[in-house]
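As structure tokens, the structure follows; a few thoughts come after it.
Keep in mind that the numbers below use all heavy atoms, side chains included, and drop hydrogens, waters and symmetry copies. Order of the sequence lines fixes the chain letters, A, B, ..., with proteins taken first and strands second; residue numbering starts at 1 for each chain.
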Number of protein chains: 2
Amino acid sequence: MYIDNPTKQAIVTTADKVFERMQHAIVEGEIPAGSKISEPELAKSYQISRSTLREALNRLEKCHLIERKANIGSRVVDCTIEGLLELYITREALEGMACRHAAINMTDEEISSMKQMLVSHSQEKALQEGVAYYQEEGDLDFHYKIILGSHNQQLINLICGQLYHLVRMYRFQFGMQSARASRAYDEHLHILQAISDRDGELAEILMRRHIAASRKNIEQKIAEQTLKP
Amino acid sequence: MYIDNPTKQAIVTTADKVFERMQHAIVEGEIPAGSKISEPELAKSYQISRSTLREALNRLEKCHLIERKANIGSRVVDCTIEGLLELYITREALEGMACRHAAINMTDEEISSMKQMLVSHSQEKALQEGVAYYQEEGDLDFHYKIILGSHNQQLINLICGQLYHLVRMYRFQFGMQSARASRAYDEHLHILQAISDRDGELAEILMRRHIAASRKNIEQKIAEQTLKP
DNA sequence: ACACATTAAATTGTCGACACATTAAAATTA
DNA sequence: TAATTTTAATGTGTCGACAATTTAATGTGT
């Protein structure tokens, strides 16, 4: 099951389709990170004109999946540790604020819907192969709903429309499954409780801790891998 | 004197030039907020082909100055009070975090350079017509330098490369000069002191208060205007 | 006169070709 | 042989034209 981006607009034009295909291809590493993009080659590969391809490239640039330089060309972003940590810092700031406003702006229906979601997640998590599903889809699902719950269009566009494609890319490329799954689940529960209590200040603090803990967990794993590869 | 965006890349192609012209035209209201953009008309006006214009439109969309819908067209964003408040919320989150990391990552040279800048600002402010210059350029200059001082490329791109064009647009369209100028200057001093003390936590708190105060000031002015126009 | 269907005009999306810049290869010179 | 200049090739930027869609105008029926 694939979690759709809630900000995704309808796919009508062929440039839209190509954009989607390339987005998946880049996120999942089919088009390697850091590789240069040849417009004539890709256009032929997708059987479209260069104009249409360039339209798709522009949207990929919008969500920071490729970088373009004038008269030089496009290049898929490369996944560096520094970039990953910077992304987490940014998420901590934005999602923390989104969580604060979710506590203010979410409707009671939205909140109870999220509670149900967490319950079903916990069941699937207990029943099935443990951490995999929750870590991948469930976590993103939870964060998406919080961000949408802020009812702040600016935050929603920035995080869901731009940053989260990068987040998914890093997850794929670095393969982040960790022992933090069950702890992350507990943290989600506490965050939702703060929102349910309409305690925006606490909700922001907890969300920031949640993301910071995830970042520190990654930093630690990187450090371990660096010592004994 | 015009404060250049530090993230601005070299202007080489004609699409770059058109992008810059349109950016100014939109920010300063020459192309009215909320108006629809006719591609054939504008292309003829700038004496370029539609392809080149569309390239420029794509970049305008990247910094949230226009919105596009498939098969419908482009439209300049309109400046609403809700949009302005959302923008301030986002700035509070991002610049707060940037300020925290500026306290960690700025070099001693960068910090002393900023201190000098504030001194010269205070002199110009005392000498000249009071609040105008400082409110417009000096404030942006200060915030830019803090963001750059975070040394976080993700934050820098998001804030300077995208959000700040919108910030400038709102300043122009809503004409925000206020009695907060001298107080804002004092707040800048305190923020820089926290950075100089390498106190990231305090630096973030002060920056968030600084932006939140500005937001509340606007909310109050809006409320007054609504009561007795 | 109003609602709806049909046609016409205008606008956006896509295409292929050409102009220009960059990079790679070949040739010239020290 | 190594470095530098010339030349060829590849790739990006820009253009004008056609196809597909949306919007405006016209016409028809009740």
Side-chain angles (χ1 to χ4, degrees), chain A residues 7-26 30-78 161, chain B residues 7-26 30-78 161:
Chain A
T7 65
K8 191 174 64 180
Q9 54 198 7
I11 299 165
V12 283
T13 156
T14 59
D16 289 331
K17 294 170 195 159
V18 174
F19 164 66
E20 263 234 332
R21 282 185 61 179
M22 290 191 68
Q23 188 178 314
H24 283 236
I26 290 176
E30 191 180 328
I31 301 176
S35 64
K36 184 171 183 326
I37 287 178
S38 165
E39 292 184 5
E41 185 182 328
L42 262 184
K44 198 169 59 182
S45 157
Y46 286 120
Q47 310 227 14
I48 57 175
S49 78
R50 268 184 59 225
S51 312
T52 307
L53 177 69
R54 282 163 68 87
E55 183 70 34
L57 292 181
N58 269 316
R59 301 191 201 170
L60 290 171
E61 192 186 12
K62 266 172 217 153
C63 48
H64 305 159
L65 290 179
I66 71 171
E67 290 168 347
R68 306 183 75 186
K69 286 181 184 173
N71 285 318
I72 303 276
S74 307
R75 183 170 287 278
V76 180
V77 298
D78 37 24
Chain B
T7 65
K8 190 174 65 181
Q9 55 198 6
I11 299 163
V12 283
T13 158
T14 61
D16 289 330
K17 294 170 196 159
V18 174
F19 165 67
E20 263 234 332
R21 283 185 61 179
M22 290 191 67
Q23 187 178 313
H24 283 235
I26 290 176
E30 192 181 328
I31 300 176
S35 64
K36 184 170 183 326
I37 287 178
S38 164
E39 293 184 4
E41 185 182 329
L42 261 185
K44 198 168 59 183
S45 157
Y46 286 120
Q47 310 228 14
I48 56 174
S49 79
R50 270 186 56 227
S51 312
T52 306
L53 178 69
R54 282 163 68 86
E55 182 71 33
L57 292 181
N58 269 315
R59 303 193 198 167
L60 290 171
E61 192 185 14
K62 268 172 215 154
C63 49
H64 305 158
L65 289 179
I66 72 170
E67 289 168 348
R68 305 182 78 185
K69 286 180 184 173
N71 286 319
I72 303 276
S74 307
R75 184 170 286 279
V76 179
V77 298
D78 36 25

**Request:** Using a 4.0 Å cut-off on protein heavy atoms (strictly under), produce a 5'-to-3' string for nucleotides 11-18 of chain D with B for base contact, S for backbone-only sugar-phosphate contact, and - for none.
**Result:** SBBBBB--
**Prompt:** Do B/Glu55 and B/Thr14 come close enough that some side-chain heavy atom pair is under 4.5 Å?
**Reply:** no
**Asked** Can you tell me if NZ on B/Lys36 sees more than 12 non-hydrogen neighbours from other groups inside 6.0 Å?
**Response** yes
**Fill in**
When rounded to the nearest 0.5 Å, the distance separating CG of A/Leu60 from CD1 of A/Ile26 is 5.0 Å
**Under the side chain to side chain contact (heavy atoms under 4.5 Å, CB included) test, residues paired with A/Ser51 that sit two or more places apart** = A/Ser49
Under 3.5 Å, which donor-acceptor pairs do the side chains of residues 66-75 of chain A form with other protein atoms, sequence neighbours left out?
{"residue": "A/Arg68", "atom": "NH1", "partner": "A/Asn58", "partner atom": "OD1", "Å": "3.0"}
{"residue": "A/Arg75", "atom": "NH1", "partner": "A/Gly34", "partner atom": "O", "Å": "2.7"}

**Request:** Mind checking side chain to side chain contact (heavy atoms under 4.5 Å, CB included) for A/Ala43 and listing every partner two or more places apart, or none if nothing turns up?
**Result:** A/Arg50, A/Leu53
**Item:** Value rounded to 0.5 Å, distance of CG in A/Leu65 from CD in A/Gln23
**Value:** 6.0 Å
**Complete:** The correct list of stems in which DNA chain D takes part (3 or more consecutive Watson-Crick or G-U pairs, distances under 3.5 Å) is C:1-30 with D:1-30
